[in-house]
Structures are given as structure tokens and as C-alpha cells.
Amino acid sequence: MLDQIETTILSALQSIFDQFGWAGVFGLMVFENATGITPSEIILAFAGWMLIERHGIAPSFVLVAGLYAGLGSAIGASITYWVARLGGRPVIDRFAKILRIDPTLINKAEEQMQKWGSGLVLIGRVIPGIRTLISIPAGLAKISFFKFFAATFIGAYIWCTLLIGAGYVLGHEWMLVSEAIKEHLPLVLSLGLFTVGAYVAYQYRAHIPALAWMKTKRMDNE
């Protein structure tokens with residue numbers, strides 16, 4: 001059953017890529033980031049192989065391809081951002097109930113977003129499982145859309161370029177990208193959370209007693 005679904009998805013992607021090329025990748029990334037339904041690792045790794053490696057295009061084009069996918073991601077994420085910002089908690093709570101998401105998780109995410117802002121968006125965009133959901137607390141917290149879009153695009157560009165590049169390098173074995181992400185997801189999430197903590201500690205070190213003491217001590221020594 002799963003093999004049949006996978007074959008159907010790949011067949012659909014191939015048809016889209018054959019007909020629309022990178023415009024198809026752009027559209028798929030808009031849809032993926034607005035809904036969280038289609039897995040980006042499959043779309044992007046497959047595109048890296050099919051649209052670059054198979055056509056003998058120089059590997060430097062991976063950097064350009066990341067712009068198509070990154071911009072599509074930012075636009076798709078912006079749709080979710082505005083749904084959350086304009087619809088507020090009533091709309092998000094309705095979707096959370098349908099998707100069986102604990103409302104307390106949304107509350108905590110919104111609180112953290114109000115504290116850390118676009119920096120949290122940037123980091124969240126490169127963490128699997130969080131990257132497509134980070135737009136919701138950003139919209140609820142009503143952080144600046146300009147900052148949200150900029151942080152989203154930068155994070156999405158990094159994510160998309162890496163996956164497209166991996167698909168290019170692996171060639172026919174591009175599916176290993178998706179398998180590796182699934183296998184090492186706990187490690188990736190742990191590293192992502194550590195990065196978030198490190199960023200927060202650095203940005204707000206003056207408010208953390210231990211770090212503030214270390215900073216004062218260093219200044220005294222100087």
C-alpha cells in the first residue's frame with residue numbers, strides 16, 4: 001500500500017517537473033509550506049536529481065535552484081502566517097482540534113515567539129517537523145511580517161539548497177535523503193533545540209544570571 005502511494009507521488013512529481021520545471025518546484029513548495037502535506041525532502045531531493053543532475057547542469061545551479069524553492073516556501077509560509085494572524089485563536093484552535101494538536105503546545109509556542117521573535121522563525125525553518133508549523137505562532141504573536149518573511153526566506157533557502165544539493169550529489173540514490181532524515185530525526189530535533197537554546201542565551205545573555213556574571217567578570221579583568 002505504502003509502495004503504491006509512493007509510486008503515485010513520484011509519478012505525479014515527475015509529470016509536474018517535466019511540464020513546468022522549476023516553476024513546478026516553486027508551486028509545490030508554496031503548497032507544502034501552506035499546508036504541511038507534501039514532504040519537502042522528497043520534492044527537493046528528486047528535483048536535484050531530475051532537473052539538474054540528469055540534465056548535466058553545472059552543480060553551481062543548485063544555489064539558483066534554492067532561490068526558486070526558498071521563495072515558494074516563504075510565500076506558502078506567509079499564507080499560514082496571515083491565516084493565524086487574521087483568524088486568531090478561534091481559527092487555529094479549530095484546526096488544532098481537527099489535527100488533534102494539544103492547545104497548550106500552541107500557547108507555549110506563541111509565548112516563546114513573543115519573546116524571541118524572528119530569530120526563532122529563522123532557526124525553526126531548518127528543523128524537520130517544526131519548519132512548517134513555526135508560521136502559526138508567528139502569526140498569532142503578530143510579529144512584523146517583514147521580519148517574518150525575511151527570516152523564513154533565509155531559513156528556507158538554506159534548507160532547500162541543502163536538500164537539492166543532496167539530491168544532485170546522490171543522483172539515482174536521492175531517496176536516501178528522505179530515509180536519512182527519518183532515521184536521524186530525533187538527533188536533528190535535539191540539535192535544533194540546542195541551537196535555539198544557544199541563540200536565545202546569546203541574544204539575551206544580559207538577562208541570564210550566570211552569563212551576566214561571566215560577562216561582568218571578564219570586563220573587570222580587562
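Treat the numbers as computed from the prediction; the structure is a model and nothing was measured.
Using the six-membered ring where Trp is involved, F153 and F149 have ring planes that are parallel, under 30° apart on the 30 and 60° scheme.
Across Y68, W49, F46, a single residue satisfies ring pair (Phe, Tyr, Trp, His ring centres under 6.0 Å) together with F17, and that is F46.
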Item to check | M113/I134 under side chain to side chain contact (heavy atoms under 4.5 Å, CB included): CA gap, chis, key distance, verdict | outcome: CA-CA 9 Å; M113 187 63 65; I134 199 70; 3.8 Å; yes

Checklist entry - Run the side chain to side chain contact (heavy atoms under 4.5 Å, CB included) check on I75 and F26 step by step: do they pass? => result CA-CA 10 Å; I75 292 175; F26 171 86; 3.6 Å; yes

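Scanning all heavy atoms of the two residues, the minimum distance from G155 to L122 falls at N-CD1, 3.5 Å. When all heavy atoms of A77 and T152 are compared, the closest pair comes out as CB-CG2, 3.8 Å. Counting all heavy atoms, side chain and backbone alike, T161 lies closest to V62 at O-CG1, 3.6 Å. Summarising the geometry of A74 relative to S78, their closest heavy-atom pair is O-OG, 2.7 Å, with the distance given to 0.1 Å. The two residues L140 and A84 make their nearest non-hydrogen contact at CD2-O, 3.6 Å.
Note that the OG atom of S73 and the CZ atom of F31 stand 13.5 Å from one another [nearest 0.5 Å]. Rounding to the nearest 0.5 angstrom, the gap separating the CZ atom in R85 from the OG atom in S135 is 13.5 Å. If you take CG on L86 and NZ on K142, they are separated by 8.5 Å, rounding to the nearest 0.5 Å. Between the CE atom of M29 and the CG atom of L44 there is a distance of 4.5 Å, given to the nearest 0.5 Å. In this structure, I154 CD1 and I123 CD1 are separated by 12.0 Å, a value rounded to the nearest 0.5 Å. Interatomic distance, CZ of R125 versus CZ of F148, reported as 7.0 Å (0.5 Å rounding).
Residues M50 and D18 have side chains in contact (heavy-atom distance under 4.5 Å, counting atoms from C-beta outward). In this structure, the side chains of T80 and N33 stay at 4.5 Å or more apart for every pair of heavy atoms. Contact check for F61 versus L51: no side-chain heavy atoms found under the 4.5 Å cut-off. Two residues are said to be in side-chain contact when any heavy atoms from C-beta on lie closer than 4.5 Å; L67 and L71 fail this criterion. Between W22 and V25, some side-chain heavy-atom pair lies under the 4.5 Å cut-off.
At distances below 3.5 Å, at least one donor-acceptor pair connects side-chain atoms of Y81 with backbone N or O atoms of I143.
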